[in-house]
Amino acid sequence: MTEIIVVTSGKGGVGKTTTSASLSCGLARRGKKVAVIDFDIGLRNLDLIMGCERRVVYDFVNVIQGECTLKQALIKDKRLETLFVLAASQTRDKDALTSEGVRRVFDELTAEGFDFIVCDSPAGIEKGAHLAMYFADRAVVVVNPEVSSVRDSDRILGLLSSKTKRAEAGDGKVREHLLLTRYSPKRVAVGEMMSVGDVKEILGLDVVGVVPESVDVLAASNAGTPVILNEDSDVSRAYEDAVSRLLGETVPLRFIDEPKKGFFARMFGG
Amino acid sequence: MGLLALFRRTPPSAHVAKERLRIIIQQERDKRGGAPDYIPLMRRELLEVIRKYVNVDPAAVQINVEREDGQEILEFSVALPEKAR
């Protein structure tokens with residue numbers, strides 16, 4: 001069975017593409033056959049994060065408009081056997097994506113035996129974001145522990161429960177998961193940042209992952225290597241844990257507490 | 001956290017963020033179809049009545065509709081200003 005996962009957030013710049021890339025790699029590394037699709041028409045970026053930007057010949061819109069086959073447009077990852085990328089088009093035509101076209105592509109991926117289709121949603125609540133979530137079975141809502149991001153993601157939760165195929169068909173809810181990014185245990189400890197528990201309580205979602213703030217994320221995007229593949233990074237471990245949880249394993253949360261300080265450090269700051 | 005933090009008066013900013021979000025998100029969820037559509041009007045009228053007696057801040061009036069086991073509970077709370085008590 002093919003599972004469709006949308007990675008969404010409402011707000012821009014919170015880490016949707018980084019998350020889409022890393023979760024897809026993580027799933028593929030466990031032998032799953034994965035297609036990751038960039039829904040940000042006009043602002044293609046997943047290809048850069050995946051490091052395959054020079055291999056894009058055909059894109060998502062070309063497939064939908066029948067200008068090439070799906071096979072021609074799927075870019076096979078050079079690191080992982082079972083991972084494929086479908087790039088967004090750079091067209092400025094907003095109506096290039098159609099619900100019917102997206103459904104056809106998903107049907108074909110299903111027929112090809114893909115285990116997961118990961119949809120990297122654009123920011124906002126316009127057509128691209130709507131189509132990215134419309135067919136989803138599950139949603140990973142990417143949130144920064146910050147007021148505007150939390151509020152926007154609640155808007156997205158509203159859309160997930162009303163403007164999706166599942167919601168319209170009364171076919172059970174889209175399963176929603178919270179993934180916190182740019183988390184700083186140190187700032188949480190001194191009350192400068194909302195904690196995992198705070199955000200979880202406000203949004204009422206189960207936590208699928210907490211990714212710490214780290215310089216490794218920028219380094220990974222500079223290199224075009226999804227950060228989950230950097231084995232030395234806590235960010236990679238955090239995404240690995242999230243992949244485990246998506247696959248139904250129970251894994252305790254890591255990287256949410258500040259390392260304990262000694263007595264003197266606590267009394268005199270630092 | 002150093003010694004000075006023990007004497008800090010203002011609540012940590014994360015706490016403020018959480019409270020603000022709790023309120024605004026509840027309101028926005030109600031608007032999305034959770035709560036009946038007479039709530040905003042009722043809120044305004046109640047506020048006018050209360051203000052005949054006590055000068056409360058509009059933000060001090062909270063109305064929530066909660067659903068539990070098929071029952072709807074209308075929760076209404078007003079925070080009175082210090083002087084009025």
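Order of the sequence lines fixes the chain letters, A, B, ..., with proteins taken first and strands second; residue numbering starts at 1 for each chain. Remember, predicted model here, so these are calculated numbers, not experimental data.
With a threshold of 4.5 angstrom between heavy atoms, A:Arg187 does not approach chain B through any atom at all. B:Ile25 touches chain A through backbone and side chain together, each having a heavy atom under 4.5 Å away. For chain B, the nearby part of A:Met193 is the backbone; its heavy atoms alone come within less than 4.5 Å.
The local environment of CZ in A:Arg155 is sparse, with at most 12 non-hydrogen atoms from other residues, nucleotides or ligands closer than 6.0 Å. Heavy-atom neighbours of B:Arg51 CZ from other residues, nucleotides or ligands within 6.0 Å: above the threshold of 12. Atom NZ of A:Lys127 has more than 12 heavy atoms from other residues, nucleotides or ligands within 6.0 Å. Summarising the local packing, CD of B:Glu19 is surrounded by more than 12 heavy atoms from other residues, nucleotides or ligands at distances under 6.0 Å.
For the pair B:Leu21/A:Val199, no side-chain contact is recorded, criterion being any heavy-atom separation below 4.5 Å from C-beta on.
Nearest heavy-atom pair, B:Lys18 versus A:Glu201, reported as atom, atom and distance to 0.1 Å: NZ-OE1, 3.0 Å. For the pair A:Gly191 and B:Pro12, the tightest heavy-atom approach, listed with the atom from each and the gap, is O-CB, 3.3 Å. Of all heavy-atom pairs spanning B:Ala17 and A:Val147, the tightest one is CB-CG1, 3.7 Å.
To the nearest 0.5 angstrom, B:Gln26 atom CD is 9.5 Å from A:Asp154 atom CG.
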